[in-house]
Student: 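Take this structure, written in C-alpha cells, and hold onto it; I'll ask about it next.
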Amino acid sequence: MEILEKLSENLISGQDKIVEKLVQKALNENISANEILQKGLIKGMDVVGEKFKNNEFYIPEVLIAARAMKAGMTLLKPSLVKTGVKPVGKMVIGTIKGDLHDIGKNLVAMMMEGAGFEIYDLTVDVSPEKFIEKVKETNAKLIGMSALLTTTMVNMKATIDALKENNLREKVKVIIGGAPVTQEFADEIGADAFAPDAASAVEKVKELIK
Ligand code: B1M
C-alpha cells in the first residue's frame with residue numbers, strides 16, 4: 001500500500017510532522033491501526049536498525065526516527081487502546097536497568113491497556129528494587145520487562161531474583177520481551193513467559209492469569 005510505504009520512508013528520514021499527517025490519513029482511509037503500525041512504523045524502524053548496524057546511521061538519525069515513531073504511535077494509541085474495558089489485572093512494566101529503549105515497551109503497555117490491564121509504567125532503566133517497590137505498593141500480580149541490549153538483558157534475572165528474596169515470586173508472574181530476548185533465555189532465567197511482539201504479549205499474559 002503506497003501510503004504505508006511513504007510512512008516508512010518518512011519515519012526513516014525522521015519527518016515527524018509528515019509521519020503524523022500520513023498516520024492520520026491512513027486512519028481516515030480506514031486502514032487498521034495494527035496494519036499502520038506493522039507495515040508503516042515498525043517496518044521503517046527495522047530499516048533504521050539495519051542502517052544503524054551498518055554505520056549508515058548514527059545516534060542523531062536514530063533519535064529523530066524514534067521521535068517520528070512516537071509521534072505516529074501517539075496518534076494510533078486511541079485506536080489501539082479500546083476504552084471502557086473493565087480492569088482485568090494490574091501490571092508493572094519497564095525497560096530493564098541500563099537500557100533506555102522504550103518504543104517496544106510503550107507498545108506493549110498500550111496493548112495491555114487496550115486489553116483492560118491497569119498499567120504502572122516505570123519507564124526505562126528500571127532497577128530490580130524499583131520493580132519490587134511498585135509491586136508492593138500496587139499489589140500487582142504481573143511484571144513486564146523489556147530489553148533491547150544484549151549487554152544488559154541479564155538484569156532481567158536480577159529482578160526475578162529480587163522477587164524471590166522478597167518472597168513474592170509465587171505471587172507475581174513475569175513476562176519478558178525485546179529484540180534480543182528469546183524463549184530459551186526466558187526459560188534460562190525462570191521467567192513465566194516470553195512474547196516476540198506486543199500483540200502476543202497480551203495473549204501470553206491472558207494465558208498466565210487464567
Ligand atoms: Co539502540 N540499539 N542503542 N537506540 N536501537 C539497538 C537495540 C541495536 C540492535 C541497533 C543495532 O546495532 N542494530 C543495538 C543493540 C545491539 C545489541 O545489544 N546486540 C543498539 C545499540 C548498540 C544502542 C546504543 C548502545 C548505541 C550507542 O550508544 N553506541 C545505545 C544504548 C543506550 C541505552 O539504552 N543505554 C542506543 C541508543 C538508542 C537510541 C536512544 C538512539 C534509540 C532509542 C530511542 C527510544 O527507544 N526512545 C535507539 C533505537 C531506536 C534503536 C533501534 C534502531 C530500534 C529499536 C526500536 O524501537 N524498535 C534498534 C535496532 C532494532 O531493534 N532493529 C536499536 C521498534 C520496536 C517496536 O521494537 O523494541 O524490539 P522492539 O519491540 C518489539 C518486540 O521486541 C516486542 O514488542 C515490540 C513489537 O511489538 N517487545 C516485547 C518489546 N518489549 C517487550 C516486552 C514484552 C513483550 C514483548 O513483555 C513485557
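Being a predicted model, the structure only gives us computed values, none of them experimental.
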Student: Tell me, with the steps shown, if Leu11 and Met69 meet side chain to side chain contact (heavy atoms under 4.5 Å, CB included).
Tutor: CA-CA 6 Å; Leu11 183 128; Met69 176 100 187; 3.8 Å; yes
Student: Are side-chain heavy atoms of Met112 and Val202 found at a separation under 4.5 Å?
Tutor: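 Contact flag for Met112/Val202 side chains = yes.
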Student: So which atom in Lys43 and which in Ser8 form the shortest heavy-atom distance, rounded to 0.1 Å?
Tutor: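 Minimum heavy-atom separation between Lys43 and Ser8: CB-OG, 3.8 Å.
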Student: Can Ile132 and Glu129 be said to form a side chain to side chain contact (heavy atoms under 4.5 Å, CB included), step by step?
Tutor: CA-CA 5 Å; Ile132 302 295; Glu129 296 75 26; 5.8 Å; no
Student: Calculate, to the nearest 0.5 Å, the distance between atoms CD1 and CE belonging to Ile42 and Met73 respectively.
Tutor: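 Answer for the CD1-CE pair, Ile42 versus Met73, is 8.0 Å.
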Student: Can Lys53 and Glu50 be said to form a salt bridge (charged side-chain N to carboxylate O under 4.0 Å, His left out), step by step?
Tutor: CA-CA 5 Å; Lys53 196 166 80 186; Glu50 270 307 298; 3.4 Å; yes
Student: Specify the closest pair of heavy atoms between Ala198 and Met111, including all atoms of both residues, with the distance to one decimal.
Tutor: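 Looking at all heavy atoms of both residues, the shortest contact is CB-CG, 3.6 Å.
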Student: Using side-chain heavy atoms (C-beta onward) and a distance below 4.5 Å, is Val174 in contact with Ile189?
Tutor: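 Val174 vs Ile189: side chains apart.
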Student: Using a strict cut-off of less than 4.0 Å between a Lys/Arg side-chain nitrogen and an Asp/Glu carboxylate oxygen, indicate whether Glu137 and Lys134 qualify as a salt bridge.
Tutor: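 Counted as a salt bridge, because a side-chain N and a carboxylate O are separated by less than 4.0 Å.
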Student: Measure the spacing between NZ of Lys171 and CG of Asn166 and express it to the nearest 0.5 Å.
Tutor: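 That separation rounds to 10.0 Å.
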Student: State, with a plain yes or no, whether a side-chain heavy atom of Glu113 is found less than 4.5 Å away from one of Lys77.
Tutor: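 The answer is yes, as the side chains (C-beta and beyond) meet within the 4.5 Å cut-off.
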Student: Any chance the side chains of Asp197 and Ser200 put a donor and an acceptor closer than 3.5 Å?
Tutor: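 Yes - a donor-acceptor pair under 3.5 Å links their side chains.
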Student: Among Leu27, Leu22, Ile3, Leu80, which residue meets the side-chain contact (heavy atoms from CB on, under 4.5 Å) test with Ile36?
Tutor: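 Checked Leu27, Leu22, Ile3, Leu80 against Ile36; only one passes side-chain contact (heavy atoms from CB on, under 4.5 Å): Leu27.
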Student: Could you check if a side-chain atom of Glu118 sits within less than 4.5 angstrom of a side-chain atom of Thr138, using non-hydrogen atoms only?
Tutor: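 Counting from C-beta outward, Glu118 and Thr138 never come under 4.5 Å.
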Student: Salt bridge check: are Glu188 and Lys157 linked by an N-O gap of less than 4.0 Å?
Tutor: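 No, this pair does not count.
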Student: Test your reading of the model: is there a side-chain donor-acceptor pair from Asp99 to the backbone of Ala147, 3.5 Å cut-off?
Tutor: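 Not at all, since once roles are kept as given, no pair shorter than 3.5 Å links the two residues.
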Student: Within the 4.5 Å heavy-atom criterion, are Met145 and Ile160 side-chain neighbours or not?
Tutor: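 In short, these two side chains touch, coming nearer than 4.5 Å.
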Student: Among the clusters formed by ILVMFWY side chains lying less than 4.5 Å apart, do Val48 and Ile18 turn up in the same one?
Tutor: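 Yes, it is one cluster - the side chains of Val48 and Ile18 are joined through contacts under 4.5 Å.
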Student: With no hydrogens and no angle check, just 3.5 Å: does a side-chain donor-acceptor pair link Glu184 and Thr182?
Tutor: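 The answer is no; no qualifying pair exists.
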Student: Quick one: NZ on Lys105 to CD1 on Ile93, what's the gap to the nearest 0.5 Å?
Tutor: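 Lys105 atom NZ to Ile93 atom CD1 measures 7.0 Å (nearest 0.5 Å).
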Student: Taking Ala71's backbone N and O only, do any of them form a donor-acceptor pair with Asp16's side chain (distance below 3.5 Å, no angle check)?
Tutor: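 No, Asp16 side chain to Ala71 backbone: no donor-acceptor pair under 3.5 Å.
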Student: Give a yes or no on whether Met91 and Val124 share a hydrophobic cluster (residues Ile, Leu, Val, Met, Phe, Trp, Tyr; joining criterion: side-chain heavy atoms under 4.5 Å apart).
Tutor: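 Cluster IDs for Met91 and Val124 differ.
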Student: Work out which heavy atom in Phe194 is nearest to a heavy atom in Ala186; give both atom names and the distance.
Tutor: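 Heavy atoms of Phe194 and Ala186 come nearest at CB-CB, 3.8 Å.
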Student: Would you mind reporting whether Ile175 and Ile143 have side-chain heavy atoms less than 4.5 Å apart?
Tutor: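 SC-SC contact between Ile143 and Ile175 ruled out.
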Student: Rounded to the nearest 0.5 Å, how far does CG of Leu148 lie from CD1 of Ile96?
Tutor: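 That separation rounds to 12.0 Å.
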Student: For the residue pair Ala66 and Ile103, what are the closest heavy atoms and their distance?
Tutor: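 Heavy atoms of Ala66 and Ile103 come nearest at CB-CD1, 3.7 Å.
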Student: With rounding to the nearest 0.5 Å, note down the distance linking CG in Leu41 to CG in Leu4.
Tutor: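 One gets 9.0 Å once the value is rounded to the nearest 0.5 Å.
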Student: When you compare the side chain of Phe57 with that of Ile12, does any pair of heavy atoms fall below 4.5 Å?
Tutor: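 Yes, side chains in contact.
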Student: If only atom types and distance count, is the side chain of Thr95 paired as donor or acceptor with the main-chain N or O of His101 below 3.5 Å?
Tutor: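 Checked: pair present.
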Student: Consider only side-chain heavy atoms of I, L, V, M, F, W and Y, link residues closer than 4.5 Å, and tell whether Met45 and Phe52 are in one cluster.
Tutor: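 Same cluster: Met45 reaches Phe52 through Ile, Leu, Val, Met, Phe, Trp or Tyr contacts under 4.5 Å.
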Student: Quick check: is Val205 connected to Val92 through a chain of hydrophobic side chains (ILVMFWY, heavy atoms under 4.5 Å apart)?
Tutor: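 The answer is no; the residues belong to distinct hydrophobic clusters.
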Student: Give the intermediate values and the outcome of side chain to side chain contact (heavy atoms under 4.5 Å, CB included) for residues Met156 and Val181.
Tutor: CA-CA 10 Å; Met156 289 177 153; Val181 179; 4.1 Å; yes
Student: What are the two closest heavy atoms between Ser146 and Gly178, and how far apart are they?
Tutor: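 Minimum heavy-atom contact is OG-CA, 4.5 Å.
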Student: Rounded to the nearest 0.5 Å, what's the gap from OG1 on Thr74 to CG on Leu76? Could you check?
Tutor: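 If we round to the nearest 0.5 Å, Thr74:OG1 and Leu76:CG are 8.5 Å apart.
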Student: Kindly work out whether a path of hydrophobic side-chain contacts (I/L/V/M/F/W/Y, heavy atoms less than 4.5 Å apart) joins Leu37 to Val108.
Tutor: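 Yes, it is one cluster - the side chains of Leu37 and Val108 are joined through contacts under 4.5 Å.
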Student: Out of Lys141, Arg169, Lys204, which residue meets the salt bridge (Lys or Arg N to Asp or Glu O under 4.0 Å) rule with Asp192?
Tutor: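 It is Arg169; the other options fail the test.
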Student: Could you check whether atom NZ of Lys90 has more than 12 heavy atoms from other residues, nucleotides or ligands sitting under 6.0 Å from it?
Tutor: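 Atom NZ in Lys90 is crowded, with more than 12 foreign heavy atoms closer than 6.0 Å.
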Student: Counting distance only, does the side-chain N/O of Asp125 pair as donor-acceptor with the main-chain N or O of Gly98 below 3.5 Å?
Tutor: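 Checking the backbone N and O of Gly98 against the side chain of Asp125, a donor-acceptor pair under 3.5 Å is found.
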Student: Please determine whether a side-chain nitrogen of the Lys or Arg among Lys6 and Glu9 lies less than 4.0 Å from a carboxylate oxygen of the Asp or Glu.
Tutor: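 Looking at Lys6 and Glu9, the cut-off is not met.
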Student: Which is it for Glu61 and Glu56 under the side chain to side chain contact (heavy atoms under 4.5 Å, CB included) test, yes or no, and what are the steps along the way?
Tutor: CA-CA 10 Å; Glu61 285 102 326; Glu56 289 168 54; over 6 Å; no
